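Keep in mind that what you see is a predicted model, and the values were worked out from it rather than measured.
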Amino acid sequence: MFPNMFPLPGQFGVPVMPVQAMTQQATRHARRVYVGGLPPTANEQSVATFFSQVMAAIGGNTAGPGDAVVNVYINHEKKFAFVEMRSVEEASNAMALDGIIFEGAPVKVRRPSDYNPSLAATLGPSQPNPNLNLAAVGLTPGSAGGLEGPDRVFVGGLPYYFTEAQIRELLESFGPLRGFDLVKDRETGNSKGYAFCVYQDLSVTDIACAALNGIKMGDKTLTVRRANQGASQPKPEQENVLLQAQQQVALQRLVFQGGALPTKVVCLTQIVGADELKDDEEYEDIMEDMKGEGGKYGTLVNVVIPRPNPNGEPSPGVGKVFLEYADVDGSAKARQGLNGRKFGGNQVEAVFYPEYKFHEGDYDG
């Protein structure tokens, strides 16, 4: 009697016949995927938009143009969602997205509990297409962005200038790694600020997560946890090992924290005020003073002192002085010699500054 009263979920206002609606209902278990470990900020719209975009990016859309996602249900309390795809094949392709980074953290992508493998096999492909372009979204085929398995560790919040060797050294405070993957931008080759690893001795996994999670590295805070699970607490018998590991991390931080990692550029703060930089003659005097003082420690390549904008708009780096040396030996001597010195009644703070930021003219770091 009412042939137009069965809207396709997620496509409101589009009338479909009852037979089509029944087909949609019958295939729903094979068209839905479970997404776990969502951040508190996630909502239906953000999840739908994200998965539609990444499905298009990897070439996972097989049902024609438009969004792959037709409906999303979120359980905010338990931080998971059911994401409904247009087709069975697209749902299978979405299974390749396990471990993808959503709003800064990896999420689990699984089949829902009502998934019927034998019935689903009659409805369409049950495995992801092997030719999906997973690299387009930072994943590696067969490794879900790093390494498979429940003991895969997600390491997020890494300063972008950390090298693979430095990150490995920090992680290996707890034992040798079986595998490690620093995720990089495909175009630039630069770090994306997160990595995955698996320890050879799986018993140290929770210890490493507990010791590293939440520690400050420069202006970043590390997020370290099992990639496919929530935070796990170390067992009581592991407490002594955890204490030793935390002490080791404290020592590592002294070496690796932002501002302590040696580069050829030294940034001086609290050394000059914005008003002093407005007058051209005073600015030239300050520049000569900095060249003379900085030249005592090594060969200076460049001195940069950002000035305020004449129109009053904010100007990055005002109040800082950047000294670029020919080698790390000179910059290290300058940092040691200038840190804590007083200039004009101000106690100067001297830290190493990322070279790539300096060369890009990014003085805000």
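Pro316 approaches Pro306 most closely through the heavy-atom pair O-CB, 3.5 Å. In terms of heavy atoms, Val153 sits closest to Cys209 at CG1-SG, 4.0 Å. Closest of all the heavy-atom pairs between Tyr297 and Lys333 is CD2-O, 3.5 Å. For the residue pair Pro308 and Leu277, the shortest heavy atom distance occurs at CD-CB, 3.7 Å. Smallest separation of non-hydrogen atoms from Thr221 and Gly214: CG2-O, 3.5 Å. Contact record, Val351 with Arg335: CA-NE, 3.9 Å, taken as the closest heavy-atom pair.
Taking the six-membered ring for Trp and the full ring otherwise, Phe196 and Phe180 have centroids separated by 6.0 Å or more.
Partners of Asp114 under the side-chain hydrogen bond (donor to acceptor under 3.5 Å, both in side chains) rule, at least two apart in sequence or in another chain, are Arg32. Legend: residues meeting side-chain hydrogen bond (donor to acceptor under 3.5 Å, both in side chains) with Asn116, ordered by chain and number and at least two apart, are Ser118. Here Glu44 pairs with nothing under the side-chain hydrogen bond (donor to acceptor under 3.5 Å, both in side chains) rule; sequence neighbours left out. Residues forming a salt bridge (charged side-chain N to carboxylate O under 4.0 Å, His left out) with Lys192 (at least two apart in sequence, or on another chain): none. When the salt bridge (charged side-chain N to carboxylate O under 4.0 Å, His left out) test is applied to Glu103, no partner is found at least two apart in sequence or on another chain.
Between Asp98 and Lys108, no side-chain nitrogen of the basic residue sits less than 4.0 Å from a carboxylate oxygen of the acidic one, so the salt-bridge criterion is not met. For the pair Asp206 and Arg225, the salt-bridge criterion is not met [side-chain N within less than 4.0 Å of a carboxylate O].
A donor and an acceptor atom, one from each side chain of Gln45 and Thr49, are located under 3.5 Å apart.
In terms of hydrophobic clustering, with Ile, Leu, Val, Met, Phe, Trp and Tyr side chains grouped at heavy-atom distances under 4.5 Å, Val35 and Val47 are assigned to a common cluster. Taking hydrophobic clusters as Ile, Leu, Val, Met, Phe, Trp and Tyr residues chained together by side-chain heavy-atom distances below 4.5 Å, Tyr283 shares a cluster with Val272.
Around CD of Gln200, the count of heavy atoms belonging to other residues, nucleotides or ligands within 6.0 Å exceeds 12.
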| Yes or no on ring-ring contact (aromatic ring centres under 6.0 Å, His included) for Phe50 and Phe102, after CA distance, side-chain angles and deciding distance? | CA-CA 8 Å; Phe50 176 79; Phe102 174 71; 4.9 Å; yes

| Trace of the side chain to side chain donor-acceptor pair (under 3.5 Å) decision for Ser52 with Arg86 | CA-CA 11 Å; Ser52 288; Arg86 293 178 298 184; over 6 Å; no

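Cys267 is listed as a side-chain neighbour of Thr269, based on a closest heavy-atom distance under 4.5 Å. Contact of the Ile271 side chain with the Asn346 side chain is not registered, since no non-hydrogen atoms from C-beta on lie closer than 4.5 Å. No side-chain heavy atom of Met95 sits under 4.5 Å from any side-chain heavy atom of Gln127.
Expressed to the nearest 0.5 Å, how far CG of Asn61 lies from OG of Ser87 amounts to 8.5 Å. Put simply, CD on Glu169 and CD on Gln166 are 8.0 Å apart, with the number rounded to the nearest 0.5 Å.
Test Glu90, Glu84, Glu89 against Arg31 for side-chain hydrogen bond (donor to acceptor under 3.5 Å, both in side chains) and you get one pass: Glu84.
Tyr34 belongs to a hydrophobic cluster whose remaining members, ordered by chain and number, are Tyr73, Phe80, Phe82; membership requires side-chain heavy atoms of ILVMFWY residues under 4.5 Å apart, directly or through intermediates.
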